[in-house]
Amino acid sequence: MNRGPFLHGMMRYANAQNEKNRRYKKISKGRTILNLVAFLLGLTILIVVFSLGAGAAFLAGAVFFFAICAIPFTMSVGRRFVMGELEIAINQRRAEMKLEFNVKRVMLGYVFMFAPLYIIMLGCFFFPAHDAWIVPYIPVFVYTLVAAIVSKHTVEAFDFSVKKYKWIHISLYIGILIAGVFVRIFIMYPFLDN
C-alpha cells in the first residue's frame, strides 16, 4: 500500500488548518480611520431614520438585505464543510484506507449549500404578479440544477449513493413545484384579484 500521497495530503491539510498558518497583518491607521468614519456615518443615518419615524421601513429593508446576504454566506459555509471532509476522504482513498470522515458535517454542508436555493425557488411563487413568477423561477431552477450536477462528484468520493442523491433533488424539485402551484392558486391569485 502506497501511503506517500496520503501522508503528503494529510500533512498539507493539517498545515492549512493549523492556527500558526494564519497570516497576520497589522491593520493600518488609514483603514482604522476609514472604518471609524463609516461606523459613525452609519450610526448617524440610523439615528436620523428613526427620529423621522421611518424605523419600520428601515427594519424591513434591513431584514430583506440580511436575508439576501445570508444566502452566499450560508452556501460558502456549507461548501467549506463539504470540501474539508472531501480532502480527508480523497487522501484516505489514495492510501487505500477505510473511509472515516465526519458524516454529520458533510450532511450539514449539503443542507447549507442547497437549502437557500430551494427556499428561493419556493419564494418565487410568492412574486406579486400574475404570471411574472416564472421570470425569477427559471434562472434559480437552472442554477440549482447545475449546482446539484456539479456537486455529484463529492457524493461519489464520499461513497454515498448517487441514485439516492439524484432522487432527493428530484423529489425536492417536484415537491416545491406542487407547493408553489398550491401557493399561487390558493394564496397569491386571490390576493392579486382583490
Residue pair Ile178, Ile174: steps toward the side-chain contact (heavy atoms from CB on, under 4.5 Å) verdict: CA-CA 6 Å; Ile178 291 169; Ile174 293 170; 3.8 Å; yes

Verdict with supporting geometry, Phe50 and Leu59, side-chain contact (heavy atoms from CB on, under 4.5 Å): CA-CA 10 Å; Phe50 277 101; Leu59 290 175; 4.3 Å; yes

Derivation and outcome, side-chain contact (heavy atoms from CB on, under 4.5 Å), residues Val106 and Phe160: CA-CA 11 Å; Val106 173; Phe160 294 151; 3.8 Å; yes

Audit row: Val162, Lys166, side-chain contact (heavy atoms from CB on, under 4.5 Å) steps and yes/no: CA-CA 6 Å; Val162 176; Lys166 286 179 182 176; 3.9 Å; yes

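Put simply, the side chain of Tyr118 never gets that close to the backbone of Thr144: no donor and acceptor are under 3.5 Å apart. Counting only distance, with no hydrogens or angles, the side chain of Glu85 and the backbone of Phe101 share no donor-acceptor pair below 3.5 Å. Of the possible polar contacts, one joining the Ser171 side chain to the Ile168 backbone as a donor-acceptor pair under 3.5 Å is found.
Remark: Tyr189 OH is packed, more than 12 non-hydrogen atoms of other residues, nucleotides or ligands lying under 6.0 Å away.
Here CG of Leu177 is found 8.5 Å from CZ of Phe141. Values are rounded to the nearest 0.5 Å. Distance check, rounded to the nearest 0.5 Å: CD1 of Ile90 to CZ of Phe158 gives 8.0 Å.
Across Thr154, Ile170, Val155, a single residue satisfies side chain to side chain contact (heavy atoms under 4.5 Å, CB included) together with Tyr165, and that is Val155.
If you look at Phe125 and Phe182, their ring centroids are not closer than 6.0 Å.
Ile176 and Ile185 are not part of a single hydrophobic cluster, where members link through side-chain heavy atoms under 4.5 Å apart. In the hydrophobic clustering of ILVMFWY residues, with side-chain heavy atoms under 4.5 Å counting as a link, Val135 and Ile138 come out together. Ile119 and Met107 fall into different hydrophobic clusters, defined by Ile, Leu, Val, Met, Phe, Trp and Tyr side-chain heavy atoms under 4.5 Å apart, directly or through other members. Ile187 and Ile134 fall within the same hydrophobic cluster, where Ile, Leu, Val, Met, Phe, Trp and Tyr residues are linked whenever their side-chain heavy atoms come under 4.5 Å apart, directly or through other members.
In this pair, Phe114 and Tyr110 present their aromatic rings parallel. The plane angle is below 30°, not in the 30 to 60° band.
When all heavy atoms of Leu117 and Ala147 are compared, the pair lying nearest together is CD1-CB, 4.3 Å. Met113 and Gly78 make their closest contact through CG-C, 3.6 Å (heavy atoms, listed as atom of the first residue, atom of the second, distance). Between Leu99 and Ala157, the shortest heavy-atom contact is CD1-O, 3.9 Å. Contact record, Arg105 with Phe81: NH2-CD2, 3.4 Å, taken as the closest heavy-atom pair. Counting all heavy atoms, side chain and backbone alike, Phe127 lies closest to Arg184 at O-NH1, 2.7 Å. Taking both residues in full, the closest heavy atoms of Pro116 and Val111 are given as CD-O, 4.1 Å, listed atom of the first, atom of the second, then distance.
Considering only heavy atoms from C-beta on, Ile149 comes within 4.5 Å of Leu145 through its side chain.
At least one test fails for Arg79 against the ring of Phe112: distance under 6.0 Å to the centre or angle within 45° of the axis.
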